[in-house]
Protein chains: 2
Amino acid sequence: MATPHRIAIARRRTPATRSRRELRVEQILQAARDLFGAQGYDATTTAQIAAQIGVVEGLIYKYFPTKRALLLQVLGYWYDDMFGDYTRELAYFPTARKRLHYLIWRHLCTVRDYPRLCGLMFREVLSADNDYRGSPLHAMNKRYTQLLVDTVETGMRGGEFRTDLPPRLVRSLVYGGIEHEASRYLARYIAPHQQAAADAPALDVGLLADQITNLLCDGLGPRPAAELTETRA
Amino acid sequence: MATPHRIAIARRRTPATRSRRELRVEQILQAARDLFGAQGYDATTTAQIAAQIGVVEGLIYKYFPTKRALLLQVLGYWYDDMFGDYTRELAYFPTARKRLHYLIWRHLCTVRDYPRLCGLMFREVLSADNDYRGSPLHAMNKRYTQLLVDTVETGMRGGEFRTDLPPRLVRSLVYGGIEHEASRYLARYIAPHQQAAADAPALDVGLLADQITNLLCDGLGPRPAAELTETRA
DNA sequence: CCTTGTGTTGAGTTGTGCTCACCAATCCGC
DNA sequence: GCGGATTGGTGAGCACAACTCAACACAAGG
């Protein structure tokens, strides 16, 4: 929060001491990520996190000010890993529609591959009653979703998309819609021993990405199937 | 939870006793609704709720098993008030598109009028790690959103909408998208003394409903403005 | 008046986030 | 190497909130 979350690489005066501290931070982040992902935030106690790496509870607070700061750091750490190279890969796609489809598909892949962490993240993004807004994690999320807004705006300027709708609206529908779609899928992982897990559907990433892109670009109104198949490839 | 949440009007055998209990339940629900709405769930203590109505903390637990059950009851109570007459009003609209627009508009109105309670509700719907799924509140929410699914299906059967997309997807995009749009608006109410409240936008319900309906029905692809204005009125 | 019911109390208990004074070990100039 | 200083680590304990329980108040009915 007040301190930058990027503490991994810094000038190292005493290498041994510095790396020891780094190691502990890494250990705590890893244990917290595992436990938060497995049981959720509230159900995980700091004592559990400490026990996981064989230290006493109080030590956690030598490295992180609060349990919540630890959660935000865990999410930020993971976020950084996931969404680093989007900008570069986006340049490979010739049309705005294909870039949009790619962003949707990648987001769905992340939900499929990291369902529990995504669940934590969704909860954070939605809840405005805490210290999420204005945090580095919030900035990361804004920067990430801005890629989709930029893509839509580019499509508008290039004449590929209509210009009488705010691009922000597309972002809200895409990410909000995916969250809702995912919540059914997430039940499979959150409650793995109930019958809810059994009838919870798998996440067909390719199909969903096609459908969402299709709906957003072409709309619900009926039109000839020819337009739906070529989609300015 | 196990008992129906509709306890306000019932056959009264011993009027004094029965109404005293009802009165207390009503008092507790009202106080909890006010405090949850004003401060959020976590920031509200059961002692505060009890103090609000001038009783001691332990009495709350004679009427509600847990604080969380109280929250679910508060939300269910409010949900019932809000979404009772949708089905009747929907029949007034001749086209599926107009019904869709109405559902979106009404949902946005609810967010505008009950921002804090909606924030609590959004958080519940999203989080799958608790006892929400399978609860009466979950059933209410499913019944409510099913209206939109039914509307889309009707539009498909009538030839107004294309049939190669799952109606459930429209529901996810609409309600998920509105949640995301609303989160910016909710910041104004959750943190009323910060500068975030000042630059947070007001919720232009009419404009947003038009835009969302427009985007979903007509899509992002450019088309003549004539089609956008008449929209089969 | 006593009994019975239920509404109400206030003093617990438990569990969890978090703190702090103190111990241990490692590092550094000498 | 060695004493002081700095950092890593401990465990006891605090604060606070959800939740419990034995006892009390008190109206209604015999």
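Below, read A as the first sequence line, B as the second, and so on, with proteins coming before strands; counting in each chain starts at 1. Since this is a predicted model, take the numbers as computed values, not measurements.
Screening residues 168-177 of chain B for side-chain hydrogen bond (donor to acceptor under 3.5 Å, both in side chains), with sequence neighbours left out, gives A:E181-B:R168, A:E181-B:S172. Pairs engaging residues 46-61 of chain A under the side-chain hydrogen bond (donor to acceptor under 3.5 Å, both in side chains) rule: A:T46-A:E57 [sequence neighbours left out].
To the nearest 0.5 Å, atoms OH (A:Y132) and CG (A:L72) are separated by 9.0 Å. Atom OH of B:Y41 is separated from atom CG of B:L70 by 8.0 Å, given to the nearest 0.5 angstrom.
For the pair A:K62 NZ and C:dG17 P, the interatomic distance rounds to 18 Å; values are reported in whole Å. Atom P of nucleotide D:dG11 and atom CD1 of A:I60 are separated by 15 Å, given to the nearest angstrom. Note: CD (A:Q48) to P (C:dG17) measures 9 Å, nearest angstrom. When rounded to the nearest whole Å, the span between CG of B:L59 and P of C:dG7 equals 9 Å. Here C:dC18 presents its P atom at 13 Å from CZ of A:F64, a figure rounded to the nearest Å. In this structure, B:E22 atom CD and C:dT6 atom C1' are separated by 15 Å, rounded to whole Å.
Looking at residues 28-36 of chain A, you'll see that no heavy atom sits under 4.0 Å from any atom of DNA chain D.
When only modelled atom types and interatomic distance are considered, A:Q146 and A:R143 share no side-chain donor-acceptor pair under 3.5 Å. Between the side chains of B:E26 and B:Y77, at least one donor N or O lies within less than 3.5 Å of an accepting N or O.
The glycosidic torsion of C:dG5 lies within 90° of 0, placing the base in the syn range.
When distances run from any side-chain atom of B:R20 to the nucleotides C:dT9, D:dG9, C:dG7, the shortest one goes to C:dG7.
Residues passing the salt bridge (charged side-chain N to carboxylate O under 4.0 Å, His left out) test with A:R33, sequence neighbours excluded: none. Every residue was checked against the side chain to side chain donor-acceptor pair (under 3.5 Å) condition with B:T145, not counting sequence neighbours, and none meets it.
Look at D:dC26: it lacks any Watson-Crick or wobble partner with both distances under 3.5 angstrom. The nucleotide D:dG9 finds its pairing partner in C:dC22, both defining distances of the Watson-Crick or G-U wobble pair being shorter than 3.5 Å.
The aromatic rings of B:Y144 and B:Y79 sit perpendicular to each other, their planes meeting at more than 60°, with 30° as the lower class boundary.
Between A:R24 and D:dG8 there is no side-chain polar atom (N or O) within less than 4.0 angstrom of OP1 or OP2.
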Using nucleotides 16-20 of chain D, report all nitrogen or oxygen pairs with the protein that are shorter than 3.5 Å.
residue	atom	partner	partner atom	Å
D:dA18	OP1	B:T44	O	3.3
D:dA18	OP1	B:K67	NZ	2.8
D:dA18	OP2	B:T46	N	2.9
D:dA18	OP2	B:T46	OG1	3.0
D:dC19	OP2	B:Y61	OH	3.1
D:dC19	OP2	B:K67	N	2.7

